[in-house]
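Residues: numbered from 1 along the sequence shown. Excluded from the calculations below are hydrogen atoms, water molecules and symmetry mates; all remaining heavy atoms, backbone and side chain alike, are included.
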Amino acid sequence: MDWTLAGGLAAGLLIATVTAPVGVSGAVLLLPIQLSVFGVPNPAVTPTNLLFNVVAGPGALWRYRRDGGLRGDLARRLVLGTLPGVVLGAAIRVFVLPGPNVFRLLIAALLLPLGLWLCLRALTPARHRPPSAGELSPHTLTGLALAVGVVGGIYGIGGGSLLGPILVGGGLPVARVAPAAFAATFATSLVGAAAYALLSLVSSADVAPDWWLGLTCGVGGLIGGYLGARLQPRLPERALRLLLGTLAAALGALYTAQTLN
């Protein structure tokens, strides 16, 4: 148990330090480690990941707030859309998609093309790109956040980690998207964790989180998230886009390989 908790602390710290600069909490990469290394069962791994987000989120959010990154209404619109979606996603995860194979295939189908798309946009010279169609309308943004919230509730990432690549791929700067994505992840993870706690009372499946592991990983993520958010202003926009795309594509490829095997 001691080695597991120490490993969780280290994993949360390292992953959050790398992912926080692009608005990703780290849960998206921590999930396969919890499944394969720490042996957290399905579907309990999802609320364990949400617990990680709840504990880890304030570190990066405090730093982004201090730097002024949470100004504007982008964060508010993302939160309003993802909150109801994550509750619906939690119910789907427990009653419709309890098996790991369908779960992994769904995430692979989402993240692999999304990551490749983002990398391609980052590598394509700006002068060769078509003119931007502008920012999404408020209603479109809320609808997108709702759909991503459902997926986030299924996956245990709160939704922000999927909204980040989509919005950055659409042309918004990482420096603006990252704080808003983190805010959405934190808020929806709070609601999602509570939803799973209630669902555990009416489901025979193992849907309660691994409290000790989730908390320990979260403490590491709390520290790593602050460090990563502090690092972001020192990284060029192109490097941030490539990092975000590479993370999404690599995870999608990993889940594809696991599903085929």
Side-chain angles (χ1 to χ4, degrees), residues 15-31 49-50 52-54 56-83 85-86 89 107 110-111 114-115 117-118 121-122 135-136 138 140-153 155-192 221-222 224-226 228-233 235 237 240-248 251:
I15 290 175
T17 301
V18 173
T19 59
V22 292
V24 178
S25 69
V28 68
L29 295 178
L30 186 61
L31 188 142
N49 241 18
L50 291 172
F52 164 81
N53 284 338
V54 171
L61 282 175
W62 184 82
R63 184 68 200 188
Y64 280 131
R65 179 181 176 85
R66 180 179 175 182
D67 293 340
L70 289 174
R71 295 172 184 169
D73 66 346
L74 181 60
R76 178 176 60 85
R77 293 194 179 280
L78 295 186
V79 170
L80 288 177
T82 54
L83 277 179
V86 75
I107 300 307
L110 286 167
L111 290 183
L114 185 60
W117 173 51
L118 188 54
R121 287 185 63 91
E135 296 188 12
L136 295 175
T140 302
L141 184 61
T142 302
L144 175 63
L146 176 64
V148 171
V150 174
V151 178
Y155 190 37
I157 56 176
S161 297
L162 293 176
L163 280 169
I166 292 173
L167 295 176
V168 171
L172 290 179
V174 177
R176 183 183 174 194
V177 171
F182 246 109
T185 296
F186 178 69
T188 52
S189 294
L190 280 172
V191 175
L222 181 70
Y226 175 85
R230 186 173 183 178
L231 179 66
Q232 190 211 58
L235 298 175
E237 175 74 13
L240 291 170
R241 288 174 176 267
L242 282 173
L243 174 59
L244 185 58
T246 301
L247 289 174
L251 190 63

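Between L30 and N49, the closest side-chain pair of non-hydrogen atoms falls below 4.5 Å. Within the 4.5 Å cutoff, the side chain of V18 has heavy atoms near those of the L243 side chain. Using a 4.5 Å heavy-atom cutoff, the side chains of L167 and R176 are not in contact. Between F186 and L61 the shortest side-chain heavy-atom distance falls below 4.5 Å. Using a 4.5 Å heavy-atom cutoff, the side chains of L144 and L163 are in contact. Contact of the L141 side chain with the L74 side chain is registered, since non-hydrogen atoms from C-beta on lie closer than 4.5 Å. Residues V79 and T188 have side chains not in contact (no heavy-atom distance under 4.5 Å, counting atoms from C-beta outward).
For the pair A16 and G225, the tightest heavy-atom approach, listed with the atom from each and the gap, is CB-N, 3.6 Å. For the pair G23 and Y64, the tightest heavy-atom approach, listed with the atom from each and the gap, is N-OH, 4.5 Å. Nearest approach of P21 to G228, heavy atoms of both residues: CG-O, 3.2 Å. Residue A145 comes nearest to R77 through the heavy atom pair CB-O, 4.2 Å, listed as atom of the first residue, atom of the second, then distance. Closest approach of L78 to A181, counting heavy atoms only: CD1-N, 4.1 Å. Closest approach of A60 to F182, counting heavy atoms only: CB-CZ, 3.7 Å.
The distance from the CG atom of L242 to the CG atom of L118 is 8.0 Å, given to the nearest 0.5 Å. Within the model, atoms CG of L70 and CZ of R63 stand 12.5 Å from one another, a figure rounded to the nearest 0.5 Å.
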Practice item. In sequence, state the C-alpha distance, the side-chain angles, and the governing distance for Q232 and V174, and then conclude on side-chain contact (heavy atoms from CB on, under 4.5 Å). Key: CA-CA 9 Å; Q232 190 211 58; V174 177; 4.1 Å; yes
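Annotation: R76, atom CZ; neighbour count of heavy atoms from other residues, nucleotides and ligands within 6.0 Å is above 12.
Looking only at distances, a side-chain donor or acceptor of R241 sits under 3.5 Å from a matching main-chain atom of V168.
For W62, the ring pair (Phe, Tyr, Trp, His ring centres under 6.0 Å) partners two or more places apart in sequence, or in a different chain, are Y226.
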